[in-house]
There are 2 protein chains.
Amino acid sequence: MPTSLTPKLRGVLSPVLTPFEADRTPSVPRFIEHCRTLLNHDVGLAIFGTNSEATSMSVKEKRALLDAILVAGMPAARMMPGVGACNLDDTVELARHAVAAGCGGVLMLPPFFYKGVSEEGLFRTFAGMIDAVGDARLRVYLYHIPPVTQIGISLSLIERLLKAFPNVIAGVKDSAGDWQNTAAMLKEFGKDGFDVFAGSETGLVETMRHGGAGVISATANINPGGIAGLLRDWQHDDADARQAALNQVRATFGQFPMIAAMKAAMASGLNDPVWNNVRAPLVELDRIQRETLLRQLDALGFQLYRGQVEEAAAAH
Amino acid sequence: MPTSLTPKLRGVLSPVLTPFEADRTPSVPRFIEHCRTLLNHDVGLAIFGTNSEATSMSVKEKRALLDAILVAGMPAARMMPGVGACNLDDTVELARHAVAAGCGGVLMLPPFFYKGVSEEGLFRTFAGMIDAVGDARLRVYLYHIPPVTQIGISLSLIERLLKAFPNVIAGVKDSAGDWQNTAAMLKEFGKDGFDVFAGSETGLVETMRHGGAGVISATANINPGGIAGLLRDWQHDDADARQAALNQVRATFGQFPMIAAMKAAMASGLNDPVWNNVRAPLVELDRIQRETLLRQLDALGFQLYRGQVEEAAAAH
């Protein structure tokens with residue numbers, strides 16, 4: 001149940017991959033099972049992120065998936081559902097649902113259809129959402145991912161939002177792919193209880209060294225133990241070596257369309273081809289891509305849900 | 001009522017501006033009145049376009065606005081609602097509603113969140129929508145607007161869709177802002193009953209000379225008579241001069257954020273400040289912008305719903 005004492009979201013979260021049946025409806029049992037595995041590896045649930053194909057799902061479908069993991073008994077305090085949409089009604093509906101369920105926070109994209117919009121317009125969007133949800137328990141994490149949205153969350157926008165809504169604006173996920181920007185966010189706002197999450201595990205150790213709250217990592221879907229392990233041990237002597245190993249796994253997936261590649265690894269590791277399915281406009285890997293990926297992962301000693309990094313740590 | 005003899009959409013259509021009350025709910029009476037005025041000027045209703053702030057509205061809001069103009073007695077055959085969304089459920093729901101109402105066609109954006117998607121993925125999106133709507137009366141116009149979506153509709157995608165769905169794929173709105181592309185679409189597909197609409201009136205005469213079906217023009221919201229008049233008279237001797245005059249009006253609006261500028265002209269011309277309202281992330285013009293725009297329009301002899309071009313034609 002929601003309480004004001006809900007612990008803050010911290011550490012590693014994953015934008016949970018959404019499994020789809022052959023007819024492309026969400027596979028609820030697979031989703032529940034995958035979420036449970038992630039939690040067992042100490043990875044929080046940033047459901048409905050970019051890597052979840054969230055914008056390819058309706059609000060109704062997302063509400064049903066959130067309800068399914070709540071009914072399955074998973075702790076809402078470990079969930080950060082993505083709620084951003086181009087229209088405010090959809091954002092508000094999903095955010096209200098998440099707040100009522102006691103979710104640790106919500107991750108909000110800016111509206112991403114119109115390009116070149118003003119900071120004033122973006123401020124009004126976030127302010128309008130916060131006012132419309134109208135619940136003191138709401139915690140909003142800003143989602144900065146300009147390579148996809150083309151619409152960024154500037155430092156001055158964060159400053160203005162923090163001033164206007166100090167108890168609601170809880171942090172940011174920085175997926176700009178630019179460490180200098182993450183560093184600037186940490187420097188400017190990290191001390192005010194504003195939680196900066198790196199948008200990928202490639203910046204894990206650096207982010208933690210500079211006071212970050214954690215990482216929200218796509219690859220944590222398939223390498224949860226390795227990434228959560230390094231988050232725990234980032235002050236250890238071998239942190240840089242383990243970071244390099246994590247980066248190698250990430251780079252292997254990054255040669256292919258990421259979502260389809262991670263799903264191919266899921267399908268292979270669980271021996272369950274349904275996991276290959278993606279929704280249009282995405283396309284699953286073709287046979288050659290899949291074989292190339294799996295061969296490279298084999299060469300790295302990678303196993304689903306148990307990456308090389310975790311094994312290396314266990315061997316210490 | 002829908003019939004297979006519904007005349008094809010032709011001529012000038014306008015992405016109808018959506019009026020919003022102070023609380024940013026759609027103003028239904030103003031919407032009805034504006035749609036009626038456009039029809040009276042022989043301008044068809046491409047409701048829910050980019051200039052309608054369509055992506056800033058929920059499916060529920062769009063269904064209600066479509067119902068309102070149908071109940072008001074406007075002819076569905078003159079309507080081309082925009083139905084594109086990032087998720088297929090929303091697209092299909094609105095498209096089914098439009099088809100059941102007898103709309104002349106629907107205009108469909110590609111999904112626009114993920115960037116760099118493949119032609120195969122876009123083909124699957126359109127095919128999935130057509131299959132899910134599952135109605136022989138469906139006519140789909142493809143919406144090519146890469147400056148906004150960053151995702152284009154290539155010639156080879158059109159070819160593939162036409163081959164797979166010859167009775168459904170009805171045409172394209174080309175808002176690429178590149179005459180060479182419009183010319184290529186006309187050359188490749190214009191002869192097959194595939195209707196090419198220019199995305200702006202700046203290409204009106206050229207498009208008609210090369211066999212286009214018409215234009216879908218934002219500025220037709222505020223200059224409907226001028227643009228519809230030139231569409232009627234594009235073979236007249238004064239067509240190029242009138243095209244140049246239209247372009248001047250367009251360029252005047254184009255100095256400002258277009259949607260806010262057109263709404264400012266509506267508010268001024270109708271003496272109804274409610275028309276200034278836009279939804280976030282857009283922002284209305286500030287006082288200086290508004291005064292500058294209105295002064296420049298005055299200098300052109302522009303009047304709302306009765307542009308200089310229409311007057312010039314009447315003076316002949």
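Keep in mind that what you see is a predicted model, and the values were worked out from it rather than measured. So that the names make sense, note that chain A is the first sequence line, chain B the second, and so on, each numbered from 1. Basis for what follows: all heavy atoms, side chains included, without hydrogens, waters or symmetry-related copies.
- When each of B:Val278, B:Ile151, B:Val117 is scored by its heavy-atom pairs under 4.5 Å with chain A, the top score falls to B:Val117.
- Partners of A:Phe112 according to the ring pair (Phe, Tyr, Trp, His ring centres under 6.0 Å) rule, which considers only residues two or more places apart in sequence or in another chain, are B:Phe112, B:Phe113.
- Contacts of A:Pro147 with chain B are made by backbone atoms alone, with heavy-atom separations under 4.5 Å and no side-chain atom involved.
- Under the rule for a side-chain contact (heavy atoms from CB on, under 4.5 Å), the partners of A:Ala164 that lie at least two apart in sequence or sit in another chain are A:Phe123.
- With a threshold of 4.5 angstrom between heavy atoms, A:Ala54 approaches chain B through N, CA, C or O but not through any side-chain atom.
- Interface summary for chain A: among B:Gly121, B:Ala127, B:Pro111, the most heavy-atom pairs under 4.5 angstrom belong to B:Gly121.
- Remark: B:Ala98 engages B:Leu66, B:Pro81, B:Cys103, B:Val106 in a side-chain contact (heavy atoms from CB on, under 4.5 Å) (not counting sequence neighbours).
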Between chain B and chain A, donor-acceptor distances below 3.5 angstrom:
| from | atom 1 | to | atom 2 | distance (Å) |
| --- | --- | --- | --- | --- |
| B:Thr50 | O | A:Tyr114 | OH | 2.5 |
| B:Glu53 | N | A:Tyr114 | OH | 3.4 |
| B:Thr55 | O | A:Asn87 | N | 3.4 |
| B:Asn87 | N | A:Thr55 | O | 3.4 |
| B:Tyr114 | OH | A:Thr50 | O | 2.5 |
| B:Tyr114 | OH | A:Glu53 | N | 3.4 |
| B:Lys115 | NZ | A:Val148 | O | 2.6 |
| B:Arg124 | NH1 | A:Glu284 | OE1 | 2.9 |
| B:Arg124 | NH2 | A:Glu284 | OE2 | 3.1 |
| B:Val148 | O | A:Lys115 | NZ | 2.6 |
| B:Glu284 | OE1 | A:Arg124 | NH1 | 3.0 |
| B:Glu284 | OE2 | A:Arg124 | NH2 | 3.1 |

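- Residue A:Leu109 touches chain B through its side chain alone, counting heavy-atom pairs closer than 4.5 Å.
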